Undergrad: 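Take a look at this one; I'll ask things after.
Naming convention: chains lettered A, B, ... in sequence-line order (proteins, then strands); numbering from 1 in each chain. What you are looking at is a predicted structure, and each value in this text was computed from that prediction instead of being measured. The figures here come from the full heavy-atom set of this structure, side chains too, leaving out hydrogens, waters and symmetry mates.
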There are 2 protein chains.
Amino acid sequence: MSLRTKDTKEEILIIGKQLIQLVGYNAFSYADISKKLNIKNAAVHYHYPGKQDLLLSLLTNYISQYKNLGTELETSSLHSLKKLEKFIDPYTQLVDNNSICIIGSIASDYNTLPNAVKIKIAELIDLVIGLVEQTLRTGKKAGELNFTIPARTQALLIMTNLAAGVQLARITGKQDFVAIKKSILQHLKT
Amino acid sequence: MSLRTKDTKEEILIIGKQLIQLVGYNAFSYADISKKLNIKNAAVHYHYPGKQDLLLSLLTNYISQYKNLGTELETSSLHSLKKLEKFIDPYTQLVDNNSICIIGSIASDYNTLPNAVKIKIAELIDLVIGLVEQTLRTGKKAGELNFTIPARTQALLIMTNLAAGVQLARITGKQDFVAIKKSILQHLKT
DNA sequence: CTAATTACTTACTAATTAGTAAGTAATTTA
DNA sequence: TAAATTACTTACTAATTAGTAAGTAATTAG
């Protein structure tokens, strides 16, 4: 076992994620990544042979992180509104960083992506919708949340508010996202 | 005055619009347009010297169309829900065409666009939000619509439901967009 | 009828793209 | 300690990109 001072593979993934959120999948190149890390573009190809390999790794990471969040929320004794806030909070950070969420970014580029990626992004979206849906369902059953439409539809409304909320707020200003976030939570209160 | 059998300039704009909605601004090239119209890529540059000129023309068109729609809706005696349906209906078509709306598409690419385009897209978004906001306000005053949050926030919620709704539905299926649309209108009913 | 204008094509350039093949220094394994 | 592996660099290629300059055929204007 060695003391690694660098973890280029991981750093590439972090930069890649930032670039997708900042400018989109089709607007960044391996040169952008290599310049930021002071390595050669071939080094990026060494770790991720093609751009789609990088994206697949990113999506796989997201899937495992959201699976963890799902388990955490299911076993947690937090109030459902707090659970939802836990899900929503990262989106506020995005607006501050002039960025949009991975799902919204990749969804916009969907038709340009190789099939393997399409399948993975669908898996991620299903997972995230399911996570919100389940939180809503549990919260309603516990009398902590109030909504009348099907849980999946309510989850879709929240997801779309957030995904497009960060997209719009980057242009019209953060206060619009703040208003959206507040409304989502207010609307669910009993 | 001549009988024009071709209007290449207009056709370029139509193809450009379709491509932006289908694959996004950064994923199409002048070659894509010229191939579809059986002309040379230099002919596209003749009509729109740069890609940004094309996009600016497109946005200018949208702005004038939405201004017309705004006037139409203001002077119309239609029930407010019908007015909103008139606004929402085109989005359903997008899902059928495997496409997303211009605003959502361009908003995702926002950080990669030249400043002149950024200004124009902001103008378009303000216009569209204003249009929905005004329809909501008038509808509420007339007792035709019911909502408790500020009109602008309600407009933002609807806009984000639609913009991200088509993005998601392209991946998860049309029925998700149908559910979203139905919920938006149902929620506003008195 | 001539000159100008329009709407292109031909032919190109410079930059950037994703990606590869071969080499190398340092580390790890057997 | 020799062999293999890891993590790169050097050096490149083929394709695609946005964009341009010069030429041309057809139409239009004076």
Undergrad: May I ask which nucleotide in the shown strands pairs with C:dA26, Watson-Crick or G-U wobble, both distances under 3.5 Å?
TA: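 When the pairing criteria are applied, D:dT5 turns out to be the nucleotide that pairs with C:dA26.
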Undergrad: Can you check the B:Asp32 CG to D:dT16 C1' distance for me, whole Å?
TA: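 Value for this atom pair: 10 Å.
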Undergrad: Output the single nucleotide from C:dT20, D:dT17, D:dT6 whose closest atom is nearest the side chain of A:His45.
TA: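 That would be C:dT20.
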Undergrad: Would you please classify the geometry between the A:Tyr30 ring and the A:His45 ring as parallel, tilted or perpendicular, with 30° and 60° separating the classes?
TA: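 Ring orientation, 0 to 90° scale: tilted.
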Undergrad: With sequence neighbours excluded, what pairs up with A:Ser183 under the side chain to side chain donor-acceptor pair (under 3.5 Å) test?
TA: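 Here no residue qualifies.
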Undergrad: May I ask you to say what B:Phe28 touches in the nucleic acid, namely base, sugar-phosphate or nothing, with a heavy-atom cut-off under 4.0 Å?
TA: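 Sugar-phosphate contact only.
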Undergrad: How about B:Lys182: does its NZ atom have over 12 heavy atoms from other parts shown lying under 6.0 Å from it?
TA: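 Not buried by this count: 12 neighbours or fewer within 6.0 Å.
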Undergrad: What's the NZ-C1' distance between A:Lys35 and C:dT17, to the nearest Å?
TA: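 Computing the A:Lys35:NZ to C:dT17:C1' distance gives 11 Å.
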Undergrad: Would you mind telling me which of C:dC8, C:dT10, D:dC8 lies closest to the side-chain atoms of B:Lys40?
TA: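 Of all the options, the side chain of B:Lys40 is nearest to C:dT10.
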Undergrad: Given D:dT9, C:dT10, D:dG19, which nucleotide is nearest the side-chain atoms of A:Ala42?
TA: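 Looking only at side-chain atoms, A:Ala42 lies closest to D:dT9.
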Undergrad: Looking only at side-chain N and O atoms, does A:Ser29 come under 4.0 Å of OP1 or OP2 in C:dT17?
TA: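 Yes.
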Undergrad: Can you identify which nucleotide, out of C:dG19, C:dT9, D:dA7, has its nearest atom closest to the A:Lys51 side chain?
TA: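 It is C:dG19.
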Undergrad: Considering only side-chain heavy atoms of A:Asn41, which listed nucleotide, D:dT6, C:dT9, C:dG19, is closest?
TA: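 Nearest to the side-chain atoms of A:Asn41, counting from C-beta on, is C:dG19.
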Undergrad: Determine the interplanar angle of the A:Tyr25 and A:Phe28 rings, folded into 0 to 90°, and report it as parallel if under 30°, tilted if 30 to 60°, perpendicular if over 60°.
TA: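 Because their plane-to-plane angle is over 60°, the rings of A:Tyr25 and A:Phe28 count as perpendicular.
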Undergrad: According to a strict under-4.0 Å criterion, is B:Tyr46 in side-chain N/O contact with OP1 or OP2 of C:dA7?
TA: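 Yes, B:Tyr46 has a side-chain N/O under 4.0 Å of OP1/OP2 on C:dA7.
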Undergrad: I want to check one thing: is the phosphate of D:dA7, taken as OP1 and OP2, less than 4.0 Å away from some side-chain N or O of A:Thr8?
TA: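 No, because none of the side-chain N or O atoms of A:Thr8 sits under 4.0 Å from OP1 or OP2 of D:dA7.
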Undergrad: Could you check whether A:Tyr30 gets within reach of a base, just the sugar-phosphate, or nothing at all, counting any heavy atom under 4.0 Å?
TA: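 Sugar-phosphate: the residue A:Tyr30, judged by heavy atoms under 4.0 Å, touches backbone atoms but no base.
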Undergrad: Which nucleotide, if any, forms a Watson-Crick or G-U wobble pair with D:dT20, using both distances under 3.5 Å?
TA: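 Base partner found: C:dA11.
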Undergrad: Establish, with yes or no, whether the OP1 or OP2 oxygen of C:dC8 is under 4.0 angstrom from a side-chain nitrogen or oxygen of B:His47.
TA: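 Indeed, a polar side-chain atom of B:His47 lies that close.
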